[in-house]
Amino acid sequence: EVQLVESGGGLVQAGGSLRLSCAASGFTFDDYAIGWFRQAPGKEREGVSCISLSDGSTYYADSVKGRFTISSDNAKNTVYLQMNSLRPDDTAVYYCAADVYSYGGSWTERHYYGYWGQGTQVTVSS
């Protein structure tokens, strides 16, 4: 069974940093894409960053470019999201998602992903 477990969220002050982890199991890791999405109260879930574990391609939402970095440790079946220079509007529940990577597919979009973790709360105070 596919399992995704997020960790690393917490409460930080604006300008601070957090590193989120997505530990994956139950599938062939390097055949997949992993995405980070976030949802704030009353807001739609939005894509933050994605990585293809097949070819290493990465995607960043404009709002996080230059501040967030996605990476993977394939030996550990884990994807990380390093978040620097955090802002209050980064506050959200952050979800890890996974599905088989398909070149040319819409792998940076929410609807692409069939497997989701339970989320980890990130709160950035001003």
Side-chain angles (χ1 to χ4, degrees):
E1 62 195 40
V2 174
Q3 294 186 61
L4 302 169
V5 180
E6 303 97 330
S7 62
L11 174 64
V12 298
Q13 293 183 343
S17 297
L18 287 171
R19 189 177 76 158
L20 306 184
S21 298
C22 174
S25 62
F27 59 92
T28 303
F29 192 70
D30 60 4
D31 289 343
Y32 271 62
I34 303 292
W36 286 100
F37 296 81
R38 66 188 182 188
Q39 188 163 20
K43 304 288 187 178
E44 293 185 353
R45 186 167 43 182
E46 63 177 354
V48 177
S49 185
C50 304
I51 186 167
S52 165
L53 304 176
S54 177
D55 63 17
S57 299
T58 57
Y59 160 82
Y60 297 95
D62 288 344
S63 60
V64 306
K65 286 180 180 176
R67 300 190 298 123
F68 292 9
T69 303
I70 193 167
S71 62
S72 64
D73 184 338
N74 289 35
K76 295 182 178 179
N77 285 9
T78 300
V79 170
Y80 305 97
L81 185 67
Q82 179 67 47
M83 306 187 295
N84 299 326
S85 301
L86 284 162
R87 304 166 180 166
D89 61 0
D90 293 319
T91 295
V93 177
Y94 283 69
Y95 297 92
C96 176
D99 217 321
V100 177
Y101 176 71
S102 177
Y103 177 79
S106 301
W107 61 283
T108 63
E109 299 179 9
R110 172 168 55 91
H111 299 292
Y112 184 88
Y113 294 93
Y115 304 102
W116 293 83
Q118 294 299 112
T120 185
Q121 176 71 47
V122 171
T123 302
V124 184
S125 62
S126 60

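- Under the 4.5 Å side-chain heavy-atom criterion for ILVMFWY residues, no single connected hydrophobic cluster contains both Leu4 and Trp107.
- Sorted by first then second residue, the disulfide bond (SG atoms under 2.5 Å apart) pairs that include residues 97-126, not counting sequence neighbours, number zero.
- The minimum heavy-atom distance between Val79 and Ser72, with the atom names listed, is CG2-CB, 4.0 Å.
- At a threshold of 4.5 Å between side-chain heavy atoms, the hydrophobic network of Ile, Leu, Val, Met, Phe, Trp and Tyr places Val2 and Leu53 in one connected group.
- Residues Ser49 and Leu81 are in side-chain contact: their nearest non-hydrogen atoms beyond the backbone lie under 4.5 Å apart.
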Could you give the side-chain donor-acceptor pairs of residues 95-105 under 3.5 Å, partners two or more places apart or in another chain?
unit_1, atom_1, unit_2, atom_2, d
Asp99, OD2, Gly114, N, 2.8
Tyr101, OH, Asp55, OD2, 3.2

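- A ring-ring contact (aromatic ring centres under 6.0 Å, His included) check over residues 38-80, counting only residues at least two apart or in different chains, returns nothing.
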Output side-chain donor-acceptor pairs under 3.5 Å for residues 37-45, partner residues at least two apart or in another chain, one line each.
unit_1, atom_1, unit_2, atom_2, d
Arg38, NE, Glu46, OE2, 2.8
Arg38, NH1, Asp90, OD1, 2.9
Arg38, NH1, Tyr94, OH, 2.8
Arg38, NH2, Glu46, OE2, 3.3
Gln39, NE2, Lys43, O, 3.0

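- Taken together through direct or relayed side-chain contacts under 4.5 Å among Ile, Leu, Val, Met, Phe, Trp and Tyr, Tyr32 and Val48 form part of one hydrophobic cluster.
- With sequence neighbours excluded, the residues satisfying side chain to side chain contact (heavy atoms under 4.5 Å, CB included) with Asp30 are Thr28, Asn74.
- Residue pairs meeting the side-chain hydrogen bond (donor to acceptor under 3.5 Å, both in side chains) criterion with at least one member in residues 111-121, sequence neighbours excluded: Gln121-Thr123.
- Using a 4.5 Å heavy-atom cutoff, the side chains of Phe29 and Asp73 are not in contact.
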Just list the side-chain donor-acceptor pairs under 3.5 Å for residues 12-27, sequence neighbours left out, or say none.
unit_1, atom_1, unit_2, atom_2, d
Ser17, OG, Asn84, OD1, 2.9

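- Atoms CD1 and OG1, from Ile34 and Thr58 in turn, are 14.0 Å apart once rounded to the nearest 0.5 Å.
- Within the structure, disulfide bond (SG atoms under 2.5 Å apart) contacts touching residues 25-57 (residues at least two apart or in different chains) do not occur.
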